[in-house]
Amino acid sequence: MSLTPGDRIVELLGQWSDGPVPDVVVEPDAEMLARAVAAALVARLAAAQAVHGTASVVLTGGGVGTAVLRHVAGLAEEPAPGQDVDWTAVDVWWGDERFVPADDDERNEKGAREALLDRVGVPPQRVHAMPASDAGFAEPEEAAEWYAGTLADAARDAGAEGPLPRLDVLLLGMGPEGHVASIFPHSPAASDDRPVVAVRDCPKPPPTRVSLGFSAIGSAEEVWLLVAGEGKADAVASALGGADPLDVPAAGACGRRATRWLLDAAAASRLPGAGG
Ligand SMILES: O=C(O)[C@H](O)[C@@H](O)[C@H](O)[C@H](O)COP(=O)(O)O
């Protein structure tokens, strides 16, 4: 990845931040961003497998997130030396999902299967989709509770402490008002402690969803925020400037070991030192 603009921004952020400083990397445009993130993701998953034997990734919907998956599928066809991911040993989770029927084009799961999962052959038992509205749960609250139970079962099977398994990389898109997963500004999900929450009356359609909460997002080893476009520039600057997560939920999305803001130049254009 090109690091020059990102390094400059990290240096500036270090002057204002009290907590762990996020990494900020800026690529020239959305396409180059998606390619760079795909390469970084493959390297990170391969490294996790070298240490643990398995890897886990939490997927996002959205244009950049889905483009990343397409590029990952391309890389899987011609893996670089030492960066060969064994897709039979990758657990796939989701950060949020629309509570609509399984075959609805709005499903993040559907997009991810088409872009990557069906192409690399992740075993069905490792694809942990959030329930669709026709999967036997009448209400999204039941679906959220079931997903929390699935996470807890995986944690227990792996001998982890607590209700969440090791999540190596958690990918998030961000909306122009700063929402991440389906945690929207000032919504109940933004102040809910549960790992998985039902979301109703979502300001962006479809209105009914299931989302990881901040407690699950913050349990991930690394959180990667994938953001492209000028329309996101204000929210990026607010989140990195220390906004209240109730106002700008992306500000509350931090990984245990690393938080990486992976931006295109337009999304980074209002950061200090970016010249925007
Ligand atoms: O309905 C949603 O909530 C969106 O799908 C959302 O979560 C998406 O990931 C971001 O808005 C970023 O999307 P883009 O990458 O397309 O800008």
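Start at 1 and go down the list; that is how both ligands and their atoms are numbered. All residue numbers in this chain count up from 1 along the given sequence.
Regarding atom 4 (C) of ligand 1, its nearest protein heavy-atom neighbour is K204 NZ, 3.1 Å. Looking only at protein heavy atoms, the nearest one to atom 8 (C) of ligand 1 is G62 CA, 4.0 Å. Among all protein heavy atoms, the one lying closest to atom 12 (C) of ligand 1 is M174 O, 3.5 Å. From the protein, the heavy atom lying nearest to atom 7 (O) of ligand 1 is H179 NE2, 3.3 Å. Scanning all protein heavy atoms for the shortest distance to atom 3 (O) of ligand 1 gives R209 NH1, 2.8 Å. Ranking protein heavy atoms by distance to atom 9 (O) of ligand 1, first place goes to G61 O, 3.4 Å. Considering only non-hydrogen protein atoms, atom 5 (O) of ligand 1 sits nearest to R98 NH2, 3.0 Å.
Taking each of G229, G63, A228 in turn, the one with a heavy atom nearest to atom 15 (O) of ligand 1 proves to be G63.
By the 4.5 Å heavy-atom criterion applied to side chains, W261 and V25 are not counted as neighbours.
Backbone and side-chain nitrogen or oxygen atoms of P205 are examined, and none is located within less than 3.5 angstrom of a nitrogen or oxygen of ligand 1.
Between R256 and E221 there is a salt bridge, with a side-chain nitrogen of the basic residue lying less than 4.0 Å from a carboxylate oxygen of the acidic one.
For the ligand labelled ligand 1, residue C202 lies outside the 4.0 Å heavy-atom shell.
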